[in-house]
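Counting begins at 1 with the first residue of the sequence.
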Amino acid sequence: MNINNNFKKVLITVISSIFLLNACGEEEQLSSVKAEVVAAKTYQWKMVTSWPKNFPGLGMGPERFSQYVNEMSDGRLTVKVYGSGELVPGFQVFDAVSQGTVQMGHSGAYYWKGKIPASPIFGAIPFGMTATEFNAWLHYGGGLALWQELYEPFGIVPMAGGNSGAQFAGWFKKEINSMADLKGLKMRIPGLGGEVFKRAGGVPVTLTGGEIFSSLQSGAIDASEWVGPYNDLAFGFHQAAEFYYSSVWHETGTNLEFLFNAEALAELPKDLQKIVEVAARAVNQDMFDEYNARNNIALKTLVEKHKVKLREFPPEIMKALKGYTQEVIAEQVANDADFAKIWTSYSAFLSSIREYNDLTLKAYYQNR
Ligand code: CA
């Protein structure tokens, strides 16, 4: 359905309405014409993202959203997707949506930590919730309302935009056997995970995804995290580092975000608003399903074909990282009122659902 077809629809409706005016009440007819005009109006949106265009996993969320919305609205709302740097750099997605340069964006909340200290809670918190726990909190535990309140001053409405599931600790050029091995280690690790890594003796570095490979290969950094086997294989990190650590700690269920310019969203008719909301929910689940299906296959390829050395951090390191995480979070709570408020909700939900999941899933994982 294109604009021409929609325009024809309106014309036909207007003409037929003139003939029908005698048969029905004039007011009734006018409101029906008005409804048809509203239904035929089209909206062309732009979405900027923080990922290379069509990047596996992360970059497919925006593409699928665009496809779903176009199909469900029969072309009344179209969304053109731009990769990182095509319209704005990946780290300026939030500002572009806030200023109304574009109607929407797709990114990760922890990238806005400098502007909004509480934002990482809606991206990834070390030793935090799993993807299913996070989605439960967001949609049935009050999380989404807190998130929308946090972004409201910026004229942005956020919605969940996909989940990577638990991420790997990452790629290391040497084996990590004790805390001493972390000392002075230069690692690409963003967000609060980076803060924790610093306390553990490491040197966190912030790089965009596209900069990681060359930095790892040249030795500018000693280690890097990115996502997990499916995405890491796509970037070819196995050609730059030998050891791959599976230990889950810094991003336990990373939530991505759709950002909507509040005014642009409010301008949409109610049915299109609902289509946008339902498409975002669908993409959120879809991305998680895809990672779950593809990660384990990619890991087999990395280990069997590319001879990657798969490792886990020793318990000493995991314990230390957990301890430093508690310190970092306590400081965030003390320094930022929004962080404290949201953390109260997040941590209460986590401690309650953890008990339940330990009783059921944790036991089942060990028994099956
Ligand atoms: Ca990551």
Student: Are side-chain N/O atoms of Asp289 and Gln285 paired as donor and acceptor at under 3.5 Å?
Tutor: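 Yes, because at least one side-chain N or O of Asp289 sits under 3.5 Å from a partner of the opposite role on Gln285.
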Student: Take atom CD in Glu312; do more than 12 heavy atoms of anything else shown fall under 6.0 Å from it?
Tutor: no
Student: Which heavy atom of Leu216 sits nearest a heavy atom of Asp222, and at what distance?
Tutor: CD1-C, 4.0 Å
Student: Using side-chain heavy atoms (C-beta onward) and a distance below 4.5 Å, is Ser345 in contact with Trp137?
Tutor: yes
Student: Give a yes or no on whether a salt bridge exists between Glu86 and Lys80, defined as a side-chain N under 4.0 angstrom from a carboxylate O.
Tutor: no
Student: Examine distances only and state if a side-chain atom of Asp181 and a backbone atom of Ser178 form a donor-acceptor pair shorter than 3.5 Å.
Tutor: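 At least one qualifying donor-acceptor pair exists.
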Student: Of all the heavy-atom pairs spanning Ser50 and Val93, show the shortest one and how long it is.
Tutor: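 Heavy atoms only, the tightest pair is OG-CG2, 3.5 Å.
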Student: Take Val102 and Met47, measure what side chain to side chain contact (heavy atoms under 4.5 Å, CB included) needs, and give me the verdict at the end.
Tutor: CA-CA 6 Å; Val102 291; Met47 169 163 38; over 6 Å; no
Student: Other residues, nucleotides and ligands only: do more than 12 of their heavy atoms fall within 6.0 Å of NZ on Lys198?
Tutor: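 Open: at most 12 neighbouring heavy atoms sit under 6.0 Å from NZ of Lys198.
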Student: Out of curiosity, Glu71 CD to Ser66 OG, how far, rounded to the nearest 0.5 Å?
Tutor: 9.5 Å
Student: Do any N or O atoms from the side chain of Gln273 and from the backbone of Leu265 form a donor-acceptor pair under 3.5 angstrom?
Tutor: yes
Student: Identify the two heavy atoms, one from Ala131 and one from Phe288, that lie closest to each other, and give their separation to 0.1 Å.
Tutor: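 Nearest heavy atoms, Ala131 then Phe288: CB-CE1, 3.4 Å.
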Student: Please round to the nearest 0.5 Å and tell me the distance separating atom OG1 of Thr78 and atom OH of Tyr43.
Tutor: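 Thr78 OG1 to Tyr43 OH: 12.0 Å, rounded to 0.5 Å.
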Student: So, the side chain of Asn295 versus the backbone of Tyr230: is there a donor-acceptor pair under 3.5 Å, distance only?
Tutor: yes
Student: Test your reading of the model: is there a side-chain donor-acceptor pair from Lys362 to the backbone of Leu359, 3.5 Å cut-off?
Tutor: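 Here the side-chain-to-backbone pair does not exist.
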Student: Between the side chain of Asn335 and the main-chain N/O of Glu331, is any donor-acceptor distance below 3.5 Å?
Tutor: yes
Student: Answer with yes or no whether the side chains of Asn284 and Asn135 bring together a donor and an acceptor at under 3.5 Å.
Tutor: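 Asn135 vs Asn284: donor-acceptor pair found between side chains.
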Student: Would Lys174 count as a cation-pi partner of Phe172, with NZ or CZ less than 6.0 Å from the six-membered ring centre and within 45° of the ring normal?
Tutor: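 Checked: cation-pi criterion not met.
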Student: Is the backbone N or O of Thr208 less than 3.5 Å from a side-chain atom of Glu211, with the two atoms forming a donor-acceptor pair by type?
Tutor: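 At least one qualifying donor-acceptor pair exists.
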Student: Out of Trp226, Phe213, Trp51, which residue meets the ring-ring contact (aromatic ring centres under 6.0 Å, His included) rule with Phe235?
Tutor: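 For Phe235, the ring-ring contact (aromatic ring centres under 6.0 Å, His included) check succeeds only for Trp226.
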Student: Does Lys46 reach the side chain of Gln103, with side-chain heavy atoms less than 4.5 Å apart?
Tutor: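 The answer is yes; the side chains approach within 4.5 Å.
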Student: Under the side chain to side chain donor-acceptor pair (under 3.5 Å) test, which residues partner Thr130, sequence neighbours left out?
Tutor: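 Listed in chain order: Thr132, Glu133.
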Student: If every non-hydrogen atom of Pro204 is compared with every non-hydrogen atom of Gly194, which pair is closest and at what distance?
Tutor: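 Heavy atoms of Pro204 and Gly194 come nearest at CG-O, 3.3 Å.
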Student: Applying side chain to side chain donor-acceptor pair (under 3.5 Å), name anything that partners Asp286, two or more places apart in sequence or on another chain.
Tutor: Arg64
Student: Counting only N and O atoms by type, is there a donor-acceptor contact under 3.5 Å from the side chain of Ser98 to the main-chain atoms of Phe154?
Tutor: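 Between the backbone of Phe154 and the side chain of Ser98 there is a qualifying donor-acceptor contact (under 3.5 Å).
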Student: Is it the case that one hydrophobic cluster holds both Leu310 and Leu302, taking links as side-chain heavy atoms less than 4.5 Å apart, direct or via other members?
Tutor: yes
Student: Are Ile176 and Leu185 packed together at the side-chain level, in the sense that at least one heavy-atom pair is separated by less than 4.5 angstrom?
Tutor: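 Result yes, sub-4.5 Å side-chain heavy-atom pair found.
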Student: Tell me every residue that passes side chain to side chain donor-acceptor pair (under 3.5 Å) with Tyr346, counting only those two or more places apart in sequence or in another chain.
Tutor: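 Tyr346: no side chain to side chain donor-acceptor pair (under 3.5 Å) contacts found.
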Student: With side chain to side chain contact (heavy atoms under 4.5 Å, CB included) as the test, would you mind laying out the steps for Met60 and Glu63 before giving the verdict?
Tutor: CA-CA 5 Å; Met60 291 317 289; Glu63 298 296 336; 4.2 Å; yes
Student: Kindly give the heavy-atom pair with the smallest separation between Gly90 and Ser107, and that separation in Å.
Tutor: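 Where Gly90 meets Ser107 most closely, the heavy atoms are O-OG, 4.5 Å.
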Student: Just checking, is any N or O donor in the side chain of Tyr291 or Asn163 under 3.5 Å from an acceptor N or O on the other one?
Tutor: no
Student: Hydrophobic clustering (ILVMFWY, side-chain heavy atoms < 4.5 Å, transitive) - are Met104 and Phe55 grouped together?
Tutor: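 As far as the 4.5 Å side-chain criterion goes, Met104 and Phe55 are not connected within one cluster.
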Student: Output side-chain donor-acceptor pairs under 3.5 Å for residues 114-121, partner residues at least two apart or in another chain, one line each.
Tutor:
| residue | atom | partner | partner atom | Å |
| --- | --- | --- | --- | --- |
| Lys115 | NZ | Asp95 | OD1 | 2.8 |
| Ser119 | OG | Ala109 | O | 2.9 |
| Ser119 | OG | Lys113 | N | 3.4 |
| Ser119 | OG | Ile116 | O | 2.9 |

Student: Excluding sequence neighbours, so at least two apart, what forms side chain to side chain donor-acceptor pair (under 3.5 Å) with Glu242?
Tutor: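 Residues passing side chain to side chain donor-acceptor pair (under 3.5 Å) with Glu242: Lys309.
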Student: Quick check on the hydrophobic clustering: are Leu233 and Met287 connected, directly or via other members, by side-chain heavy-atom contacts under 4.5 Å?
Tutor: yes
Student: Is there a side-chain contact between Ile125 and Trp343 in this structure, where contact means two heavy atoms from C-beta onward sitting under 4.5 Å apart?
Tutor: yes
Student: Nearest 0.5 angstrom please: Thr49 OG1 to Leu58 CG, how far?
Tutor: 9.5 Å
Student: To the nearest 0.5 Å, tell me how far Lys41 NZ sits from Leu272 CG.
Tutor: 10.5 Å
Student: At what distance, to the nearest 0.5 angstrom, does CZ of Phe237 lie from CD of Glu225?
Tutor: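 Here the rounded value is 9.0 Å.
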Student: Less than 4.5 Å apart, side chain to side chain, heavy atoms only: is that true for Tyr244 and Asp232?
Tutor: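 SC-SC contact between Tyr244 and Asp232 confirmed.
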Student: Is there a path of hydrophobic side-chain contacts, each under 4.5 Å between heavy atoms, that joins Phe313 and Met179?
Tutor: yes
Student: Quick one, Leu321 and Phe127 - any side-chain contact, counting heavy atoms below 4.5 Å?
Tutor: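 Yes, side chains in contact.
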Student: Please confirm whether the backbone N or O of Met129 pairs with a side-chain atom of Thr252, one donor and one acceptor, at under 3.5 Å?
Tutor: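 Yes, because the side chain of Thr252 sits within donor-acceptor range (under 3.5 Å) of the backbone of Met129.
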Student: With the side chain counted from C-beta on, respond yes when Val196 and His250 share a heavy-atom pair under 4.5 Å apart, and no when they do not.
Tutor: no
Student: Is there a side-chain contact between His238 and Trp171, using heavy atoms and a 4.5 Å cut-off?
Tutor: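 When only atoms from C-beta onward are counted, Trp171 and His238 do touch, with a gap below 4.5 Å.
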Student: Is the gap between the ring centers of Phe94 and Tyr111 under 6.0 Å?
Tutor: no
Student: Identify all side-chain donor-acceptor contacts of residues 254-261 below 3.5 Å with residues at least two apart in sequence or on another chain.
Tutor:
| residue | atom | partner | partner atom | Å |
| --- | --- | --- | --- | --- |
| Thr254 | OG1 | Gln167 | NE2 | 3.2 |
| Thr254 | OG1 | Glu251 | OE1 | 2.7 |
| Asn255 | ND2 | Phe122 | O | 2.9 |
| Glu257 | OE1 | Tyr151 | OH | 2.9 |
| Glu257 | OE2 | Trp112 | NE1 | 2.6 |
| Asn261 | OD1 | Glu263 | N | 3.1 |
| Asn261 | OD1 | Ala264 | N | 3.1 |
| Asn261 | ND2 | Val97 | O | 2.9 |

Student: Taking Gln217 for its side chain and Ala240 for its backbone only, find out whether a donor-acceptor pair lies under 3.5 Å.
Tutor: no
Student: Taking all heavy atoms of Ile212 and all of Ser224, pick out the closest pair and write down the distance.
Tutor: CG2-OG, 3.1 Å
Student: Are Met159 and Val79 grouped together when hydrophobic residues (ILVMFWY) are joined by side-chain heavy atoms under 4.5 angstrom apart?
Tutor: yes
